[in-house]
Amino acid sequence: MSESAVQELQTPQVSGTARPAGALDARLAQLDLPQGGFSARARADALSRLRAAGLPGPRDEYWRYTDPRPFTAASPQALPVDGGPESPLFAARDKLTLVFVDGLFDAAASDDLSLEGVEITTLAQADQAGSHWAADLYGALELAGQSPVSRPFATLNTAAARDGLLIRVTGKPAKPVHVLHRRGSEGADAVWHHVIRVESGAELTLLESGVVGARSNGVIEADLAQGAKLHHITAKRANDPKVGLSHLFARVGAEAVLKSFALVVNGTTMRHEAIVDMVGDDAVAHVAAAVLGDGNVGPFHHDDTVFITHGALRGESRQVFKKVLKNGAVGVFQGKILVKNGAQKTDGYQISQALLLDEASQFLAKPELEIYADDVKCSHGSTTGAIDEDALFYLRSRGVPHERAIVFLVLSFLADALEEVEDETLRDEINERLDAWLTDRPRG
Amino acid sequence: MLKINNLHVKLEEEDKQILKGLTLEVPAGEVHAIMGPNGSGKSTLSYVLSGRDGYEVTEGSATLEGASLLDMEPEERAAAGLFLAFQYPVEIPGVGNMTFLRTAVNAQRKARGEAELTAGEFLKVVRAKAADLQISPDMLKRPVNVGFSGGEKKRNEILQMAMLEPRMCIMDETDSGLDVDAMRLVSDGVNALRSPDRSFLVITHYQRLLSHIQPDVVHIMANGRIIKSGGPDLALEVEENGYGDLLAEAG
């Protein structure tokens, strides 16, 4: 692969300039802010933080590669409700499916909430009462994740989310929890907020799929106790021109394992942030994404922004981001590994790579390392390249048609990211789906 | 089978003439070897015949059973029966060897209007042929050439050749990087494929391979053309005396 390394070693500047309140007020006016309940205090705090900081503007350093205006506009552009033809991913798998329509839980369409080893309530339901176990976490991990870089849309989410799941995992449930999103109205501005607490030694697989709102803002706060394990896989509807933001705030305890993987295909203007705080010794956190963007399907701009903090001994973190871009698609990666003083024997790895299928596409990368411990192993790399002509010729010389050969090479490029999906059946299913998307086979 | 007439080829990027009027014919069922000093254009010939980008044919022709190769895409040449065993087989992470091979076999069958092999049919054939080449089931499952040793890569090339059943096989320094045992395995694989309607063009630096794969004709290539052709003895002569005399003779 012809590669040119892109490296910039800059610390993003936190912008402290408050913005005119007009845009924020207009944005808030469109949202139905919840009142009362166990989360009331966290919401009130979030609202005041948001008013103090304001929403970001296009000149913010942290928004250098992604224009925040689609997210600050008072309301989203309407989209068709069905999101286009496609069978849901994870269809063949036994799972507990919980349906969210425009960010609100739909009990009638969902499976029963009971699953051995897991306690599930919805945020809206829990907020009927003044206390809940999630009170210690709701907005707390989000708040902790505001430093050193502010993430105002997550704060907005804490203030405005009307629903979500509060999941407490105490055992090893027999099947994954699956959040299936549906779009109920064309102009839906969906905001949801999940809180997940995985208790010591417990394990959960969380799947996300479906059609989110025309504009969406989702937050997951995940707290992993000692030896806990959370496997998170998200694959929203492909070819759906949504605008979206998502944040994963995770606190990873000793010997706990977090694995988060996203599959993104076409049509989206989206920023996903993963903010992972590795607080316990021997913690493991892997964050990965496989992204396909074809600008001809619709404007494509996908931003992965990752901030992993090693605050304890022998932590292992991996960031694996692969983006395949064509026809003017834009991919962004801002990834950081921060190793705090004392976090010895940290093993941090970060790779971000783009495969540009034409000259109209762009990949913007800002990989960063900031290390205050002296006995660590950290590496990062970022490459942008085209299809490997040698490999292409090799395949074609065996009779593989040009288009098919390209598909093979794209799948080959994405393979490292897919490796981060631990479940082999699931990985094969995703690979099969990617293959179908790439070859444009009809999917049933 | 393969007819090359007065072939002139230059590099697209640097306006450098590599082949300067090469003429060669390999009849059906024969094995021809090409030897020649470094830089004589042997690998270029194999790439131009199989359709790699970066070369410009300025004059001459190359036909496979009467069909002009030079107008075809690489995959069309493959479907027409041409196969190139690479000097450096390419690693393709994330794509299973078996998946790749089945895709290639069926794409060629489809292009020729033949029925595609089912997964079961394919598996049966590939397992048998892999066993002959001492290619383990594990190697079949692994990504194409990834983590393969030099010898394994070359055996994998011969497996592809055996599965694709080409009419015209070009082998570009298949012996490079092989130990004695691997060379025997590869040669046995090639010899097993010899048949009256299949031809081979074996490019090599060393006579040793040719003692395993007996050629009908040996060609000496220098400065972009064939300067001398002869029987298997010609290879022995080169091994003993080098190219000096032959080059001087050709002027």
Side-chain angles (χ1 to χ4, degrees), chain A residues 1-3 261 263 288 290-292 320-324 351 353 355 381 383 385-421 424 427-436 438-439 441, chain B residues 46-55 69 72-97 99-112 114 142-146 153 156-157 159-161 163-166 169-170 172:
Chain A
M1 194 156 296
S2 56
E3 292 175 342
F261 171 86
L263 175 68
V291 177
L292 294 181
V320 184
F321 289 82
K322 299 265 188 161
K323 306 197 177 196
V324 182
I351 184 83
Q353 294 183 303
L355 177 60
T383 67
I387 283 283
D388 182 337
E389 291 295 331
D390 288 340
L392 182 62
F393 173 62
Y394 186 67
L395 292 169
R396 294 179 74 194
S397 78
R398 297 304 181 246
V400 178
H402 187 271
E403 277 183 20
R404 184 69 209 156
I406 298 280
V407 172
F408 270 143
L409 295 176
V410 168
L411 291 175
S412 168
F413 171 78
L414 294 172
D416 284 347
L418 256 65
E419 279 295 309
E420 294 298 327
V421 177
E424 220 170 299
R427 191 193 309 155
D428 290 347
E429 194 184 340
I430 291 172
N431 208 50
E432 180 62 30
R433 182 56 68 90
L434 276 168
D435 195 327
L438 288 163
T439 38
R441 289 206 299 269
Chain B
S46 71
Y47 287 144
V48 169
L49 291 175
S50 49
R52 191 189 189 115
D53 280 344
Y55 301 97
L69 284 173
M72 298 183 203
E73 295 295 333
E75 56 268 38
E76 294 171 332
R77 300 180 198 211
L82 188 78
F83 181 91
L84 169 65
F86 279 52
Q87 184 180 358
Y88 303 110
V90 181
E91 297 186 7
I92 306 179
V95 177
N97 211 10
T99 309
F100 157 59
L101 205 44
R102 187 150 85 90
T103 305
V105 168
N106 279 337
Q108 290 201 17
R109 294 180 72 96
K110 196 176 163 192
R112 291 194 293 257
E114 299 163 14
R142 273 167 24 204
V144 180
N145 292 323
V146 176
K153 282 181 184 169
N156 201 31
E157 292 292 285
L159 174 65
Q160 292 171 29
M161 192 193 277
M163 289 303 298
L164 293 167
E165 301 182 321
C169 309
I170 303 171
D172 187 8

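A note on names: the letters A, B, ... follow the listed sequences, proteins ahead of strands, and every chain is numbered from 1.
- Proximity to chain A (any heavy atom under 4.5 Å) is shown, for B/Asn106, by neither the backbone nor the side chain.
- Residue B/Val144 touches chain A through its side chain alone, counting heavy-atom pairs closer than 4.5 Å.
- Side-chain rings of B/Phe86 and A/Phe393 approach one another, their centers coming within less than 6.0 Å.
- Put simply, OG1 on B/Thr103 and CZ on A/Arg398 are 14.0 Å apart, with the number rounded to the nearest 0.5 Å.
- Looking at A/Ser412, its side chain does come within 3.5 Å of a backbone N or O of B/Pro93 through a donor-acceptor pair.
- In terms of heavy-atom pairs under 4.5 angstrom with chain A, the leader among B/Ser50, B/Pro166, B/Gly54, B/Gly94 is B/Ser50.
- Both the backbone and the side chain of B/Phe100 come within contact range of chain A, each with at least one heavy atom under 4.5 Å from a heavy atom of that chain.
- Chosen from B/Glu157, B/Met161, B/Met163, the residue pairing most often with chain A at heavy-atom distances under 4.5 Å is B/Glu157.
- For the set B/Ala79, B/Ala80, B/Pro89, the count of heavy-atom pairs under 4.5 angstrom toward chain A peaks at B/Pro89.
- Between chain B and the options A/Leu392, A/Asp390, A/Asp416, A/Leu411, the largest number of non-hydrogen pairs under 4.5 Å is found for A/Asp390.
- Pairs engaging residues 76-94 of chain B under the salt bridge (Lys or Arg N to Asp or Glu O under 4.0 Å) rule: B/Glu91-B/Lys153 [sequence neighbours left out].
- If you measure heavy-atom distances from A/Glu389 to chain B, the contacts under 4.5 Å come from the side chain alone.
- Rounded to the nearest 0.5 Å, atoms CG (B/Leu49) and OG (A/Ser397) are 12.5 Å apart.
- In this structure, the separation between CD1 on B/Ile92 and CG on A/Leu395 is 3.5 Å, given to the nearest 0.5 Å.
- Proximity of A/Arg396 to B/Glu73: side-chain heavy atoms (C-beta onward) are separated by under 4.5 Å at one or more points.
- Heavy atoms closer than 4.5 Å to chain B are found nowhere in A/Leu418, neither backbone nor side chain.
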Could you please spell out the steps behind the side-chain hydrogen bond (donor to acceptor under 3.5 Å, both in side chains) verdict for A/Tyr394 and B/Asn145?
CA-CA 12 Å; A/Tyr394 186 67; B/Asn145 292 323; 3.2 Å; yes

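- Smallest separation of non-hydrogen atoms from B/Ala107 and A/Gly399: CB-O, 3.3 Å.
- Contacts of B/Gln87 classified as side-chain contact (heavy atoms from CB on, under 4.5 Å), with partners at least two apart in sequence or in another chain: B/Ser43, B/Asp172, B/Glu173, B/Ser176.
- When heavy atoms are compared at a cutoff of 4.5 Å, B/Pro143 does not approach chain A at all.
- For A/Glu424, the CD atom is loosely surrounded, since the number of other residues' heavy atoms within 6.0 Å does not exceed 12.
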